[in-house]
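Letters A, B, ... are given to chains in the order of the sequence lines, protein chains preceding strands, and every chain is numbered from 1.
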Amino acid sequence: MNVRLEPRENASVGLRLCVSLAAGVAALLLVAIPVLLAGRSPLEAYALMIQGAFGSMFALSETLNRATPLILTGLAAAVAFRAKLWNIGAEGQLYIGALAAVCVGSGLLQLPPALMLPTVMIAGFLAGGLMMVIPAVIKQRFGADEVVITLLLNFVVILFIQMLVEGPLKDPLSMGWPQSVPLIAEAKLPKLLPRLRMHWGLIVGVVAALALWLMVRKTVLGFEIRAVGENKAAARFAGIPVDATMLKVALISGGLAGLAGVGEVAGVKGYLSADLSPGFGYSGIVVAMLAGLSPIGTVLAALFVAAVFVGADSMSRATGISSYIADLVVALSLLCVLVGSFFLRFRLRFGQQSVGA
Amino acid sequence: MTDTPVLLSLSNITKRFGALTANDSISLDLHRGEILALLGENGAGKTTLMNILFGHYVQDEGDVRVLGNGGLRALPPGSPGAALRAGIGMVHQHFTLAENLSGLANIRLGTEPLVSFGREGAARAKVQKIIAESGLDVDLERRVADLTVGEKQRIEILKALYRDAKVLILDEPTAVLTPQEAEGLFAVLRRLAANGLGVIFISHKLGEVLAVSHRILVLRGGKTAGELETAVADRRAIADLMVGKAVAAVVRTPANPGEVLFALEDVSLHGAGGGRALSGVHLTLRAGEVVGLAGVSGNGQSGIAALISGLAVPTSGTMRLYGDTVTRPDPRALVAKGVARMPEDRQHDGVVGTMSVADNIAIEEVRSGAFSRMGLLDRKAMRERAASAISAYDVRCQGPDAEARLLSGGNVQKLILARVLERGPRVILANQPTRGLDVGAQAEVHRRILAARDRGAAVLVISEDLDELFALADRFVVVHAGELQDAGPSDGLDRGTIGLMMAGQGPAAAELAS
Ligand SMILES: Nc1ncnc2c1ncn2[C@@H]1O[C@H](COP(=O)(O)OP(=O)(O)OP(=O)(O)O)[C@@H](O)[C@H]1O
Ligand SMILES: [Mg+2]
């Protein structure tokens, strides 16, 4: 018997789903090893994780609350990566979006209440979008690599935010904490249910995913983004404005990350601080990769990642296993998905070894 | 040839892609020192068969056996590594070289550890020996990116020979070569065969098949249609086997030129690499006339094509469309005004492989009312247009939703023709319009180009095939070193004159010499 790899000409949707599921299962099996080494039962640990993530209304709310920014940063990465625009800067764009929300929504600007929230969201979207359009323009003009620019901008933005919340934007009533002035009530995203943290940002995320999905399949812009992402030379030859399409992608991608920032400020915290995001921007990349860059898949992947983190937190409180286990699950899932995508391109064949030539 | 031992034997190879049987129980033997030509219509299954032989695809049935020590041995399917070790070398139509490495580094790549100081000398000696034996002359030290297409192909062949290939497979090797380069290649192949190599080569050009091969195998619809000794074959018999009927030659009636639709006036193009530079070019395309652009490739053809395609603007001089000056390059605007453009490199510039046939047919006009309304795609219209194009241009594929990358080379070209010719364009840039097409499809394209002319379109045909130019062109222009010369109406012209002008001699000098 020998095993061979054969290139697969086509992969069906069903197969893709199976591979994603198999990757998730494989990751959980692998994580069982360190849990066993820690002297705990993996089954018990997983049961506790599931309970911690979905076991009560409160748990579910926490999971959805955590998933909300991940959906938006995941979409930001997915839409950019499809067009082969490597936006690694969702973290910075998230903060800039949050900053815009605070600037517009903390009472400086007087607007009718009904207009306040939409204005905050649009401002956050545009600010985040601009943060991505600038690197995209620099790339087009000077050929500078957007990976480096967007990555480095993340650090610049965080320092800038730190400066602001220690200085000009600092809330005089914060008793010395480095946080900004709070949003006024009209600028806040309403809670979905009383006494639970999950908020309307979740609906924004899901709607954004549906809109992106429709855009890719049904609109001219989606068509052009696909063409530019898959074969720039052919797109240019066919008359698709490659640079302009890239800028639109940059605006949408950065804007979605900006909305994630709006959600955290206007839906959860109510003010801006330099610890607003525990790396939602970076996790968004993982979420998008887990989802195979599909918009609807991004929602599911964000839920999965959020559930792993929330569930691991509560499991670790109950068992004493470190909550770093969550990072392990997510990282291994990503690895398994990458291995899985290999099997989407190749098929294993088992056969009798013929006489080697 | 049947007296020499069999090097390679395929028996009853069958390969299915879903409902389509691309290879249906095909058998063939290749002998030592034999050059076997593989012929067949576009989509007949030639490339698929070679991909199976080389281990890129796994056959559903049948097996491949190669001469090893002591006899024919079965080759494990689906393993390019095993195929290489068994002495099968393949030169794909799309080269697989690392552009920024030298020729020598490319030849050695994959055969030895990357860091192997000291052995470079031995490797070079081995390559030099192969060059001396085969006549594959090429500068090994230059970066592959700086080589011409013909030179890159030599590197590919050297790479195969360096790995001690016993069988060399070439998939449409001459499609991208100039006629001179093709002649050089044939001389090499003959020498290699004389030294005992077995060669399989795929081509749509019957002339070269008759000139270089010993035996011809014809595929049709995935099946073996017949096998001929080249010595007793003629074009007629081959075409019969390929399409099942004789291909009617296309007759060009006298042209009836009208107003000037497109013009380049004293146009220069600078700072463009890759043989695109032009200086002081005058070109007029008239309604109802086909102009043939002859020239050795790399002399400025791509510059002229880039201008008409809307990918470049003149550095100086004026470009006019219907009398109006075109100031900004904009493919979309040109398409909307009725300019049809065929890209020279269809895989690279012509189609988005992962998008569907329907998408690729609509791609130039997605923003027009034909395929979208208020930013929303009209999928139904796109699919209908694709379905009619598929049947009108005989694009062999599994339907409008099939991904373009799954089409055979010639069928991609047909797709592009369908895309640009179906809208009734007024100016047509036909850049290598029949490259990679089978004889039947070639005649069909010629017929369509002449029909467009008779409808009143202005056509510029760029081709390296003088036969094609003489079949289509009413008037010739010749490009050499970025300068364009008028060679006048095609009826008074002969190949000698054109050939001299292509070599850079003025029409007057060419006239005298001929
Ligand atoms: N991976 C694939 N999946 C589905 N269909 C395929 C695939 N590869 C090839 N085909 C189909 O198989 C048929 C044979 O293709 P192949 O590339 O072998 O043709 P060919 O004889 O080389 O044609 P050409 O002269 O145009 O290069 C075509 O109809 C093609 O669309
Ligand atoms: Mg082929």
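Closest approach of B:V351 to A:A234, counting heavy atoms only: O-CB, 3.6 Å. Taking each heavy atom of B:L377 and A:R217 in turn, the nearest pair found is CD1-O, 3.8 Å. The shortest non-hydrogen separation linking B:D359 to A:F223 is O-CZ, 3.4 Å. B:P331 and A:F237 get closest at one heavy-atom pair: CB-O, 3.7 Å. Of all the heavy atoms in B:H348 and A:N231, the pair that sits closest is O-ND2, 3.1 Å.
The NZ atom of A:K218 sits 9.5 Å away from the CG atom of B:L376 when rounded to the nearest 0.5 Å.
None of B:E364, B:R332, B:R367 except one satisfies the side-chain contact (heavy atoms from CB on, under 4.5 Å) rule with A:I240; the exception is B:R332.
If you measure heavy-atom distances from B:R341 to chain A, the contacts under 4.5 Å come from both the backbone and the side chain. For B:M382, the part sitting under 4.5 Å from any heavy atom of chain A is the side chain, from C-beta outward, and nothing else. Heavy atoms of B:L311 lying under 4.5 Å from chain A belong exclusively to its side chain.
Chain B forms more heavy-atom pairs under 4.5 Å with one residue of A:M215, A:K232, A:E224 than with any other, namely A:E224. Contacts with chain A were tallied for B:M374, B:M355, B:R419, B:E365; B:M355 has the most, counting heavy-atom pairs under 4.5 Å.
Between A:R236 and B:D349, none of the side-chain N atoms (NZ, or NE/NH1/NH2) sits under 4.0 Å from a carboxylate O, so this pair counts as no salt bridge.
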